[in-house]
Number of protein chains: 2
Amino acid sequence: MNENLTIIDIARMAGVSKSTVSRVLNNEPRVKPETKEAVLKVIEESGYFPSEVARTLVKSKSKLVGLITPFQCRSFYRNELFRDAFTGLTQVLKTYDYDIITSSGSGVELDTIQKFVRTYHVCGVILLYTIPDDPSLHYLLENHVPFSVIGACEGFTGINQVTYDYQAAMVEIVDSLLEQNRTRIAFFASDTGLSTTRSYIEGYRTGLERRGMPVLEKYLLDGMEEEQAIYSALRRYQHTHTMPDAIIASDDIICCHLLRFCQEEKIRIPEDMALFSLENGPVNEAVGISCINLDYIRMGNLAGKMLIDTVEHGQTTRIQLNHQLLHRRSSQKSS
Amino acid sequence: MNENLTIIDIARMAGVSKSTVSRVLNNEPRVKPETKEAVLKVIEESGYFPSEVARTLVKSKSKLVGLITPFQCRSFYRNELFRDAFTGLTQVLKTYDYDIITSSGSGVELDTIQKFVRTYHVCGVILLYTIPDDPSLHYLLENHVPFSVIGACEGFTGINQVTYDYQAAMVEIVDSLLEQNRTRIAFFASDTGLSTTRSYIEGYRTGLERRGMPVLEKYLLDGMEEEQAIYSALRRYQHTHTMPDAIIASDDIICCHLLRFCQEEKIRIPEDMALFSLENGPVNEAVGISCINLDYIRMGNLAGKMLIDTVEHGQTTRIQLNHQLLHRRSSQKSS
DNA sequence: TTGAAAGCGCTAACAG
DNA sequence: CTGTTAGCGCTTTCAA
């Protein structure tokens, strides 16, 4: 009920010292059961909430997990990874009584991380993406800040990571497309700087080269999170009569645009064009788009659990989940 | 560079007292320019970060905005509102140097809010949904905690709110459907307890009754965020030969399921069935689903700005944005 | 098993 | 314009 109760108020009301109250709050063993009960009763009845802020100040470690999200990049928030990983993370953190802080950053991830660590004393950090040899990771490692990476992570080992074998998955996709005698397979990627995307690209190359197919620049495109980029690429193909007969898209939104373009231009799916999404959003099933069944919610769950394990027990884990291709209408055999 | 610098270290390095450092940190006017510059230089060079935690403790007010998200409700995180409002909020908070804390709650929103307020001393709260006479709002009001509501909010006035006229929008949708001589118009709602949904329902009723059409229970369904609920409703219609000739869906995911069902069952859109989504996600445009053009990013922006205005200047604002119907293929005239 | 006292890093009077 | 001092609410030695 009451407003700004402090540990001292509780101590007074229970007739003990604030140290004792602190002890029961922290569930320390060296408290007489009866005392503990009495204190607990007072806490219960008074509606007292201990200040996480004060606790953080003295321990210089909070129960906040920093979630790094990019600066000024709408497309990121629109993809499945963000919301599903967020959901998974939220679920598991709730269980362990941690909370999430997301910062609105200043353009550079490292700044955000430093802010998390130095000004908010986060107990750990979750990274939804990394770049090769990521400076953020070096910072976290040097400063012994626990963290978990979701997705590929070039250049680091012995860290918390939950990932898929993106490269292998991509090879399988390319293979399945080649088996249908598709010869102009494009990859509309959305951020080729990220390690995860690089893995996909590696798989794309490998898949093609293994079958003796050339890797053409015009079919391996970056920056396709921009609507404009998609349509201008498509127009270019039209003008040069080099329209792909299969497109692999980094995310579902790109797929939606492709779908729309094909409808307008009377390009039949899958006869004239196969579509494959690297995300598994709700659209795909409804509209029959083939994709990989990456479980981002699970990744969020696991990444959160790993982080807590590091924070509380110093453990480090790496998990590689198994992927699976979901072949749907959009990538059926055309001829 | 260095690790755990405090204000005292900076004071020593700059040859002043920590109060002075504090003053330049808080940009107080009463500091000699040269002193200020010297201190700033030391801060810059040392890589010092002031502790937001300590500051919060003494001011009992942080620069954290609490974002309430529901407990164990995946569908929520999957809808457009969450990610777009989050994006918009993030954008504006960045500008004013605030951050977001999201809590993983304990099942009841009020608990989460109390935790925000009492243990983290958030400077304000953003609500993405409310129920009529919401206890959370009463708590916030009573405790003078600044907050902004996104969406409808029954039972409260004089609060920060950014909303649309959901009821009017729904009337327009129903009208446009009736004009096409659709006579079995269903509304697949996703959470009829929320004020926003209630506004829509109000509009649904009004729209039908105005034209002398009955409001049938079987066509006004709740809980449709569950995939199962959607399909069982649809099956029921089939068995009783009462399949609607128009369905208005609370969100895009419901729409996707409807789309899928119609494809499988050879129900033609829009000939046999019109579809209208109450969200404006990326799918709609691609697949040609009619919808309202609600701008959730803008709502997030505005709600954040309002909150900051309240926190910093005690202002209160209510904004009702203008909606617009986006008529696409899924709701074209059938006959 | 408990209490007293000393901080954690910062802000905010109050003097000077 | 600047320094001194007293806390903010909590944890954590150290004694008792």
Side-chain angles (χ1 to χ4, degrees), chain A residues 2-40 42-43 46-64 114-123, chain B residues 2-40 42-43 46-64 97 114-115 117-123:
Chain A
N2 208 315
E3 284 317 273
N4 289 318
L5 292 173
T6 77
I7 201 172
I8 294 188
D9 298 313
I10 302 302
R12 258 199 283 272
M13 294 164 79
V16 295
S17 77
K18 61 175 184 172
S19 327
T20 303
V21 178
S22 173
R23 287 188 184 105
V24 342
L25 245 25
N26 291 283
N27 210 14
E28 284 176 26
R30 298 160 163 284
V31 182
K32 189 157 56 159
E34 306 142 43
T35 316
K36 179 170 178 177
E37 219 166 303
V39 172
L40 247 21
V42 172
I43 291 178
S46 63
Y48 161 74
F49 279 76
S51 162
E52 202 55 60
V53 175
R55 181 178 285 165
T56 299
L57 180 60
V58 50
K59 302 178 79 149
S60 25
K61 184 162 95 183
S62 69
K63 298 206 81 176
L64 287 177
Q114 286 202 29
K115 187 177 183 189
F116 280 162
V117 174
R118 308 290 274 276
T119 83
Y120 285 114
H121 300 289
V122 298
C123 62
Chain B
N2 208 317
E3 284 318 275
N4 289 318
L5 293 173
T6 77
I7 200 173
I8 294 188
D9 298 314
I10 303 303
R12 256 199 285 272
M13 294 163 79
V16 295
S17 78
K18 61 177 184 169
S19 330
T20 302
V21 178
S22 174
R23 287 188 184 102
V24 343
L25 245 25
N26 291 283
N27 209 17
E28 283 176 30
R30 301 165 159 279
V31 182
K32 186 157 56 163
E34 306 141 41
T35 316
K36 179 170 177 175
E37 218 168 305
V39 172
L40 247 21
V42 172
I43 290 178
S46 63
Y48 161 74
F49 278 76
S51 164
E52 202 54 59
V53 174
R55 179 178 288 166
T56 299
L57 181 60
V58 51
K59 302 179 78 150
S60 27
K61 184 162 98 182
S62 69
K63 298 207 82 178
L64 287 177
D97 205 32
Q114 287 204 28
K115 187 178 183 186
V117 174
R118 308 289 275 276
T119 82
Y120 285 114
H121 299 288
V122 298
C123 60

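Each chain gets a letter, A, B and so on, in the order its sequence line appears, and its residues count up from 1. Predicted, not measured: the structure shown is a model, and the values here were computed from it.
Considering only residues two or more places apart in sequence or on other chains, A:Lys36 meets the side-chain hydrogen bond (donor to acceptor under 3.5 Å, both in side chains) condition with A:Asn27. Residues meeting the side chain to side chain contact (heavy atoms under 4.5 Å, CB included) test with A:Val42, sequence neighbours left out: A:Ile10, A:Met13, A:Ala14. Residues meeting the salt bridge (charged side-chain N to carboxylate O under 4.0 Å, His left out) test with B:Lys115, sequence neighbours left out: A:Asp97, A:Asp99. Checked against side chain to side chain contact (heavy atoms under 4.5 Å, CB included), A:Lys32 has the following partners two or more places apart in sequence or in another chain: A:Glu34, A:Thr35. Under the side chain to side chain contact (heavy atoms under 4.5 Å, CB included) criterion, A:Ala38 pairs with no residue at all, not counting sequence neighbours. Scored by the side chain to side chain contact (heavy atoms under 4.5 Å, CB included) test, B:Ser62 finds B:Thr56, B:Leu64 as partners (sequence neighbours excluded).
When heavy atoms are screened at a 4.0 angstrom cut-off, A:Val53 is found touching no nucleic acid atom at all.
Smallest separation of non-hydrogen atoms from B:Ile43 and B:Ser46: O-OG, 3.1 Å. A:Lys18 and A:Ile7 get closest at one heavy-atom pair: O-CD1, 3.7 Å. Heavy atoms only, all atoms of each residue included: B:Arg23 and B:Arg30 are closest at CD-O, 4.4 Å.
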Intermediate values then yes/no, side chain to side chain contact (heavy atoms under 4.5 Å, CB included), A:His121 and A:Val117: CA-CA 5 Å; A:His121 300 289; A:Val117 174; over 6 Å; no
A:Arg118 vs B:Ser51, side chain to side chain contact (heavy atoms under 4.5 Å, CB included): CA-CA, chis, key distance, verdict: CA-CA 7 Å; A:Arg118 308 290 274 276; B:Ser51 164; over 6 Å; no
Check against side chain to side chain contact (heavy atoms under 4.5 Å, CB included), B:Arg55 and B:Leu25: CA-CA 11 Å; B:Arg55 179 178 288 166; B:Leu25 245 25; 4.2 Å; yes
Residues B:Val53, A:Thr119; criterion side chain to side chain contact (heavy atoms under 4.5 Å, CB included); working and verdict: CA-CA 7 Å; B:Val53 174; A:Thr119 83; over 6 Å; no
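For the contact set between residues 20-28 of chain B and DNA chain D, defined by any heavy atom under 4.0 Å, the members are B:Thr20, B:Arg23. Against DNA chain C, the stretch residues 54-62 of chain A makes heavy-atom approaches under 4.0 Å through A:Leu57, A:Val58.
Proximity of a side-chain donor or acceptor of A:Ser60 to a complementary backbone N or O of A:Leu57 within less than 3.5 Å is not detected.
In 5' to 3' order, the nucleotides of DNA chain D bounding all contacts with chain B (an atom under 4.0 Å from a heavy atom) are D:dC1 to D:dG9. Scanning DNA chain C 5' to 3' for nucleotides with an atom closer than 4.0 angstrom to a non-hydrogen atom of chain A gives a first and last hit of C:dT1 to C:dG9.
Nearest-nucleotide positions on DNA chain D for A:Ser19 and B:Lys32 put B:Lys32 closer to the 5' end.
Computed from C1' positions of five pairs at each end, the angle between the two local axes of the helix from C:dT1-D:dA16 to C:dG16-D:dC1 equals 40°, rounded to 10 degrees.
Other residues, nucleotides and ligands contribute more than 12 heavy atoms inside 6.0 Å of the CD atom of A:Glu28.
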